[in-house]
Amino acid sequence: MTEVRVRFAPSPTGFLHIGGVRTALFNWLFARRERGKFILRIEDTDQSRSTEESIQAILEGLRWVGLDWDEGPFRQTARMDLYRQHAMKLFEQRQAYWCVCSAEELEARRKEAQAKGLQQKYDGRCRERGITNPSSEAALRFKAPQEGQTVIDDLIKGRVVFENNLLDDLIILRSNGYPTYNFSVVVDDALMGITHVIRGDDHLTNTPRQIPMFQALAFAVPRFGHLSMIMGSDKTRLSKRHGATSILAYRDMGYLPEAVVNYLVRLGWSHGDQEIFSRRELIEKFSFEHVQKSSAVFNPEKMVWVNAEYIKSNDPKRVATLLQPFLEQAGLGAEANAMPEGWLEQLVVALRERCKTLVEMATMAAPYVQRDIVIEEDAAKKHLTPDITPALSRFADRVAALAEFSHAALEKAFMEVLDEHGLRMGQLAQPVRVTLTGRTASPGLFEVMELLGRERTLARLRTGIERAKAARP
RNA sequence: GUCCCCAUCGUCUAGUCUGGCCUAGGACGCCGGCCUUUCAAGCCGGCAACACGGGUUCGAAUCCCGUUGGGGACACCA
């Protein structure tokens with residue numbers, strides 16, 4: 001058994017998006033499962049569109065979702081000699097020829113063919129010219145086979161057959177000396193020993209063009225697997241229109257990387273009815289047999305749900321760590337940092353069932369982190385009324401006198417006050433909640449008090465009592 | 001236009017290869033209820049799909065053909 005070697009080969013012409021991450025993920029899972037190698041290759045042969053910034057964003061995005069690569073990142077621009085060398089080999093073998101048709105001419109002919117409804121294919125006029133001393137504007141074309149068929153035994157799609165007479169003589173070396181995509185992939189995939197090419201569906205029709213090149217160069221042909229595309233809600237290809245484009249935008253929106261991975265892997269792959277998978281399980285269970293052939297629509301609501309699941313079930317310590325930058329951003333950083341060891345985890349536990357993203361959690365955290373709060377007007381009007389002040393005061397006194405400021409002790413005190421004043425839970429709970437948090441919704445009251453500590457609890461109770469007294473009944 | 005891929009609830013999907021266990025299961029969302037100190041979470045229930053037409057077969061979501069629909073590719077982009 002030879003070692004499985006797969007690669008992710010993005011072109012750095014933009015940011016790493018959801019679709020790219022999914023492709024990378026499927027490659028990575030397969031590599032990990034097969035104990036093979038995952039290789040990262042940057043396809044930057046398009047000089048005009050590639051940017052260093054994009055490369056950095058791609059690396060950062062992959063790191064964020066935890067897709068670590070074993071080799072690379074290789075950059076095609078650093079491997080130019082290799083492509084030229086192999087291109088010349090094809091020329092010497094007479095499997096490639098110089099073409100002096102200008103880009104403008106080609107474009108014009110293509111347009112004409114299109115208008116006439118003819119096949120848009122290079123007419124091969126330079127094929128038999130036998131140009132050996134090309135001018136500087138010449139490009140090198142691969143002599144594609146015109147007879148027979150090329151058959152792909154695709155890992156996902158199954159058997160796909162293409163007629164060779166439809167194949168174009170592709171340019172492999174541009175007149176500027178740079179290789180084109182279809183040629184550089186072949187050379188790299190072969191030289192890097194790629195055994196399985198797992199890529200987007202949009203490359204399916206490139207495959208019959210590439211296979212003859214592998215063969216002409218006497219390289220072993222890898223196996224191919226073509227993943228369906230991800231679509232937006234309108235069933236068109238996913239793009240900026242459908243929301244955040246860079247994977248890093250999801251980080252900034254408060255998603256956990258493992259949630260994004262979990263959501264993405266389920267977009268096209270399944271394991272029975274299971275929805276949530278640990279990374280370990282994913283590696284164990286992943287297989288191309290259960291990868292869907294059809295395209296999938298990206299559904300933000302479900303991703304939010306997955307994220308909420310992870311927030312709830314993850315180690316609070318980790319969630320607390322991930323929450324930090326969001327607290328900073330919400331202007332709560334300094335105060336949060338001043339809290340005692342373990343406090344933030346406690347906050348996470350109190351809030352995690354109530355929020356779906358870290359951004360939401362940070363927003364919700366304000367009353368617990370801050371020293372002073374603003375009480376919502378409507379909440380005060382409804383719950384902080386003069387008639388509740390006796391019970392409120394009594395409770396404040398009890399809290400002040402408590403030997404131990406704990407959940408159990410607070411609850412006991414609260415119940416006793418309820419008893420003394422003949423109140424039901426809800427009648428006192430809401431006023432206390434509003435007093436303590438300024439809002440009508442919060443975690444359990446006694447958790448809230450523990451989070452606030454005795455000092456802030458008392459201070460807020462007193463403020464609330466004053467406010468209730470002053471209110472018009 | 002030519003070639004290629006695809007087709008189960010609104011969405012992600014199980015089931016399709018190896019027809020019968022499918023009066024089609026799960027999940028998200030939506031609606032209703034329960035629980036309850038609020039809001040959530042949780043639990044229970046509901047709505048909701050085999051694109052269409054022909055075959056093959058005792059029997060088809062499952063196999064075959066066609067139609068329709070969707071997507072992709074046809075560059076000196078990747």
Side-chain angles (χ1 to χ4, degrees), chain A residues 9-13 43-46 48-50 76 99 101-103 106-107 110 113-122 137-141 152 154 156-158 160-163 166-168 170-176 178-182 184-185 200-209 226 228-229 231 233 235-237 263 266-276 289-290 292-306 308 312 351-356 364 379 383 414 418 424-430 432-434 437 439-446:
Chain A
S11 66
T13 52
E43 309 218 321
D44 56 350
T45 55
D46 185 348
S48 57
R49 297 197 305 150
S50 298
Q76 292 191 318
C99 170
C101 301
S102 73
L106 292 167
E107 178 66 21
R110 192 164 30 244
Q114 193 173 12
K116 287 182 181 165
L118 298 170
Q119 206 182 129
Q120 298 170 54
K121 178 175 162 178
Y122 177 62
E137 314 83 76
L140 194 66
R141 278 187 193 270
I152 304 166
D154 195 272
I156 295 159
K157 306 280 185 188
V160 185
V161 181
F162 293 89
E163 295 297 330
L166 262 12
L167 293 177
D168 215 340
L170 253 37
I171 288 182
I172 57 178
L173 226 48
R174 293 187 256 250
S175 49
N176 66 6
Y178 277 75
T180 54
Y181 164 76
N182 277 299
S184 54
V185 242
D201 217 348
D202 48 341
H203 287 290
L204 186 56
T205 50
N206 279 325
T207 311
R209 303 157 153 186
H226 292 274
S228 62
M229 313 251 79
M231 323 273 253
S233 50
K235 298 264 181 113
T236 65
R237 212 169 159 167
Y263 174 71
R266 281 286 291 103
L267 217 49
W269 174 82
S270 61
H271 181 77
D273 287 339
Q274 193 171 344
E275 294 286 350
I276 303 295
E289 258 126 79
H290 289 97
Q292 199 84 354
K293 289 176 175 178
S294 51
S295 53
V297 173
F298 180 73
N299 180 217
E301 280 86 39
K302 183 143 184 186
M303 188 158 85
V304 160
W305 173 79
V306 174
K312 275 182 282 190
L351 298 179
R352 64 181 175 181
E353 275 157 21
R354 296 172 171 76
C355 54
K356 298 182 183 302
M364 236 176 251
H383 298 287
F414 191 89
L418 243 39
R424 278 175 292 108
M425 188 78 188
Q427 291 175 293
L428 187 56
Q430 282 306 79
V432 170
R433 188 182 320 279
V434 171
T437 68
R439 306 173 182 181
T440 52
S442 83
L445 272 190
F446 310 112

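A, B, ... follow the sequence lines: proteins, then strands. Residue 1 opens every chain.
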*Reckon A:T440 touches a base, only the sugar-phosphate, or nothing at all at heavy-atom distances under 4.0 Å?*
base
*Which of these nucleotides, B:C3, B:C5, B:A78, is closest to any side-chain atom of A:D46?*
B:A78
*Within the structure, does a side-chain N or O atom of A:K302 lie under 4.0 Å from either OP1 or OP2 of B:C12?*
no
*If you look at every strand shown and take non-hydrogen atoms under 4.0 Å, does A:C99 touch a base, only sugar-phosphate, or nothing?*
nothing
_With a 3.5 Å cut-off and heavy atoms only, can you find an N or O donor on one side and an acceptor on the other between the side chain of A:S175 and the base of B:C76?_
yes
_Starting the side chain at C-beta, find the nucleotide from B:U37, B:C28, B:G26 nearest to A:E275._
B:G26
*Consider the side chain of A:S270, meaning its heavy atoms from C-beta on, and name the nucleotide among B:A14, B:A40, B:C76 that approaches it most closely.*
B:A14
*Any idea which of B:G70, B:C12, B:C6 is nearest the A:L267 side chain?*
B:C12
*asked:* Say we look at B:A61 and B:G20: how far apart would their C1' atoms be, to the nearest angstrom?
replied: 13 Å
*Out of B:A78, B:C76, B:U37, which nucleotide sits closest to the side chain of A:S11?*
B:A78
*asked:* Any base atoms under 4.0 Å from A:H226, or only sugar-phosphate, or nothing? Heavy atoms, all strands.
replied: nothing
*Donor-acceptor pair, side chain of A:T437 and main chain of A:V434, under 3.5 angstrom*: no
*B:G72 base to A:D201 side chain: any donor-acceptor pair below 3.5 Å?*
no
*Within this structure, what is the NZ-to-P distance between A:K121 and B:A75, rounded to whole angstrom?*
12 Å
*Tell me which nucleotide among B:A40, B:U13, B:C74 gets nearest to the side chain of A:A296.*
B:U13
*Using the C1' atom in both, what is the distance from B:A14 to B:G25, to the nearest Å?*
6 Å
*What's the closest nucleotide to the A:M231 side chain, out of B:G29, B:G70, B:C12?*
B:G70
_Tell me whether the side-chain N/O atoms of A:S294 come closer than 4.0 Å to OP1 or OP2 in B:C5._
no
*Reckon A:G268 touches a base, only the sugar-phosphate, or nothing at all at heavy-atom distances under 4.0 Å?*
sugar-phosphate
_Considering every strand and a 4.0 Å limit on heavy-atom distances, what is the contact class for A:P443: base, sugar-phosphate, or nothing?_
base
*What is the nucleic acid contact for A:S48, judged by heavy atoms within less than 4.0 Å: base, sugar-phosphate only, or nothing?*
nothing
*asked:* Which nucleotide wins on minimum distance to the side chain of A:Q120, given the candidates B:A7, B:A75, B:G15?
replied: B:A75
*May I ask you to say what A:T205 touches in the nucleic acid, namely base, sugar-phosphate or nothing, with a heavy-atom cut-off under 4.0 Å?*
base
*Could you tell me whether A:R424 contacts a base, only the sugar-phosphate backbone, or nothing, with contacts defined as non-hydrogen atoms closer than 4.0 Å?*
nothing
*Where the side chain of A:L166 is concerned, which of B:A75, B:G29, B:C3 is the nearest nucleotide?*
B:C3
*Side chain A:T13, main chain A:R49, donor-acceptor under 3.5 Å*: no
*Using a cut-off of strictly less than 4.0 Å, decide whether A:K235 has a side-chain nitrogen or oxygen near OP1 or OP2 of B:G10.*
no
*asked:* Taking any heavy-atom pair under 4.0 Å as a contact, classify A:D168: base, sugar-phosphate, or nothing.
replied: nothing
*Under 4.0 angstrom, heavy atoms only, what part of the nucleic acid is A:F162 near: base, sugar-phosphate, or nothing?*
sugar-phosphate
*asked:* So A:V185, base contact, sugar-phosphate only, or nothing? Heavy-atom distance under 4.0 Å.
replied: nothing
*asked:* Using a 4.0 Å heavy-atom cut-off, does A:R237 contact any base of the nucleic acid, only the sugar-phosphate backbone, or nothing at all?
replied: sugar-phosphate
*Side chain of A:K157 only, please: which of B:C5, B:C76, B:C12 is the nearest?*
B:C5
_Heavy-atom closest pair, residues A:N206 and A:D202_ = ND2-O, 4.3 Å
*Is A:R352 near enough to B:G42 that one of its side-chain N or O atoms lies under 4.0 angstrom from OP1 or OP2?*
no
*Touch class at under 4.0 angstrom, heavy-atom based, for A:Q292 against every strand present*: sugar-phosphate
